[in-house]
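Every number for a ligand or one of its atoms is a count from 1 in the order of the listing. Numbers here are sequence positions counted from 1. None of the values given here were measured: they were computed from a predicted structure.
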Amino acid sequence: MHSSHSSSSSSSSSQLSELGWDAEFAALFAEHAAAGLIPARIVRVDRGLCDTLTANGPIRADSSALTGADREHIVCTGDWAALSPGPRPRVVALLPRRTAITRASSDRTSHQQVLAANVDTVVIAVSLAVPVNAGRIERLLALAFDSGARPVVVLTKADLDEQPGVGEAVVAGLAPGVEILTTSAATGSGMDRLAAVVTGTAVLLGPSGAGKSSLANALLGREHMGTNDVRATDGKGRHTTVHRELLTLPGGGVLIDTPGLRGIGVQDVADGVGQVFAEIEAYARDCAFRDCEHRSEPGCAVQDAVVSGELDLGRLERYRKLLRESQWAATRGDARQANKRGKTEKAITKHLRATYRFRDRQN
Ligand SMILES: Nc1nc2c(ncn2[C@@H]2O[C@H](COP(=O)(O)OP(=O)(O)OP(=O)(O)O)[C@@H](O)[C@H]2O)c(=O)[nH]1
Ligand SMILES: [Mg+2]
Ligand SMILES: [Zn+2]
């Protein structure tokens with residue numbers, strides 16, 4: 001991106017920029033740099049240790065100092081960390097996350113689990129070899145939108161698609177305005193377009209067996225991530241990938257492969273839900289009552305759209321369910337404290353993004 005002129009640091013800074021480093025992160029890192037710490041991007045976390053990439057290549061560092069009670073601030077793949085130099089590097093601090101893809105933890109506590117940090121694009125992998133699961137796609141879209149990253153739906157295994165065009169049409173109805181790509185890692189079709197979409201940092205999300213690691217390998221041009229057959233009986237994967245891992249792509253860009261997600265709980269993502277179901281919220285603006293719940297109230301424009309066949313009732317029900325789940329999780333007593341903090345961070349992130357957009361326009 002930035003053409004670096006010959007200075008002593010030009011080669012190392014261009015390597016960092018290949019990992020997603022930019023002027024904003026550099027500014028946030030200034031005090032760490034002054035303290036003699038080294039910027040490192042987290043590749044993979046393994047209990048108290050993590051693999052990182054730095055301007056001087058890979059470094060394995062001890063991150064146990066940051067695995068405290070505050071689970072949202074546990075080091076995560078995609079984070080930018082400050083490492084202490086020396087023979088036994090330690091993660092001393094994390095930079096504030098520009099975005100974080102977060103789900104409600106599967107252990108049903110109030111905690112949020114960060115799946116990937118500092119992500120620009122969320123690639124939602126959907127297999128064309130099995131029936132489309134509408135609710136799962138909408139959930140993943142809500143997480144992606146709410147994080148501030150840009151979602152893209154990538155339909156995989158086009159070579160196994162028995163009804164070409166049908167999956168595309170169904171997904172287009174679930175993801176209005178979202179780019180949808182059709183790919184096959186087996187034949188290579190659509191991979192050029194996918195490579196063009198993966199700029200900055202992208203994360204692959206989707207169920208086990210969807211073909212995420214196969215896409216990663218195709219983009220890498222080598223078999224780096226293990227892949228495995230799905231069970232013939234139900235098309236489900238075997239959870240082949242068990243760690244989140246960050247990969248640098250030969251054509252530029254950074255890709256994070258993740259293990260298949262079983263459940264995707266949502267918490268406090270009303271903004272994201274509103275973006276996924278934008279057409280429902282647009283109808284709702286014409287409801288007679290401001291607090292209309294779109295059930296049997298008189299003058300409900302949403303129910304009118306269902307009656308006229310413009311809006312699918314199933315989609316309306318999934319919208320309600322997702323909003324309810326998002327709000328319920330966010331208002332549980334033990335979650336309130338965590339959310340207050342989350343809200344502040346979200347607000348800061350949104351403010352920062354607005355600032356950068358503004359700055360971009362000025363350039
Ligand atoms: N025919 C065909 N098979 C594919 C394609 N992409 C992936 N597969 C197969 O689907 C199976 C699952 O692919 P993976 O890439 O391991 O799926 P994954 O999403 O990474 O799964 P987890 O790591 O378990 O989350 C493997 O047997 C792949 O060979 C494709 O485009 N066409
Ligand atoms: Mg995998
Ligand atoms: Zn209504």
ask   = Can you check whether Thr227 has an N/O within less than 3.5 Å of an N/O in ligand 1?
value = no
message = Between Glu138 and Arg315 (salt bridge meaning N to carboxylate O under 4.0 Å), is one present in this structure?
response = yes
ask   = Within the side chain of Asp286, is there an N or O that forms a donor-acceptor pair under 3.5 Å with the backbone of Ala301?
value = no
Under 4.0 Å to a heavy atom of His239 - the qualifying atoms of ligand 1, by number = 24 (O)
request  = Return yes when at least one N/O/S atom of Ser208 is nearer than 2.8 Å to the Mg ion (ligand 2), and no when none is.
outcome  = no
key: Joint hydrophobic cluster, Val119 plus Trp80, side-chain heavy atoms closer than 4.5 Å   = yes
key: Closest approach of Arg150 to Val197 (non-hydrogen atoms, all atoms of both residues)   = NH2-O, 3.4 Å
task = Return yes when Pro207 approaches ligand 1 closer than 4.0 angstrom through a heavy atom, no otherwise.
result = yes
query = Strictly under 2.8 Å, is any N, O or S atom of Thr241 next to the Mg ion (ligand 2)?
reply = yes
key: Side-chain (Thr241) to main-chain (His243) donor-acceptor, under 3.5 angstrom   = no
inquiry  = Contact between Glu245 and Met225 at the side-chain level, heavy atoms closer than 4.5 Å - yes or no?
reply    = yes
message = Below 4.0 Å, non-hydrogen atoms only: which portion of Thr241 touches ligand 1? Side chain, backbone, both or neither.
response = both
request  = Salt-bridge test for Arg139 and Glu325: reply yes if a basic N is under 4.0 Å from a carboxylate O, no otherwise.
outcome  = yes
Under 3.5 Å: N/O of Thr183 near N/O of ligand 1 = no
request  = Side-chain contact test, heavy atoms from C-beta onward, threshold under 4.5 Å: evaluate it for Ile38 versus Phe29 and give yes or no.
outcome  = no
ask   = Would you say Thr156 touches ligand 1, if touching means a heavy atom closer than 4.0 Å?
value = no
inquiry  = Considering both backbone and side-chain atoms of Ala185, is one of its nitrogen or oxygen atoms within less than 3.5 Å of a nitrogen or oxygen in ligand 1?
reply    = yes
key: Ser189 and Ser184 side chains, donor-acceptor separation under 3.5 Å   = no
ask   = For the side-chain hydrogen bond (donor to acceptor under 3.5 Å, both in side chains) test, which of Thr201, Asp51, Asp79 pairs with Arg41?
value = Thr201
ask   = Can an N or O of Asp257 be found at a distance shorter than 3.5 Å from an N or O of ligand 1?
value = no
query = When only distance counts, is Thr258 in polar contact with ligand 1, meaning an N/O pair under 3.5 Å?
reply = no
query = Which option, Gly211, Ser208, Ala129, owns the non-hydrogen atom nearest atom 22 (P) of ligand 1?
reply = Ser208
Check: Gln303 side chain, Arg295 main-chain N or O, donor-acceptor pair, under 3.5 Å = yes
ask   = Looking only at distance, does Gly209 have an N or O less than 3.5 Å from an N or O of ligand 1?
value = yes
note = Minimal heavy-atom distance between Val91 and Ala61, with the atoms involved, is CG2-CB, 4.2 Å
key: Subset of ligand 1 atoms that lie under 4.0 Å from at least one heavy atom of Gly260   = 25 (O)
message = In this structure, does ligand 1 have an atom that sits under 4.0 Å from one of the heavy atoms of Ala210?
response = yes
Tally of protein N, O or S atoms, where distance to the Zn ion (ligand 3) is under 2.8 Å = 4
inquiry  = Tell me if a side-chain donor or acceptor on Asp271 pairs with a main-chain N or O of Gly274 at a distance below 3.5 Å.
reply    = no
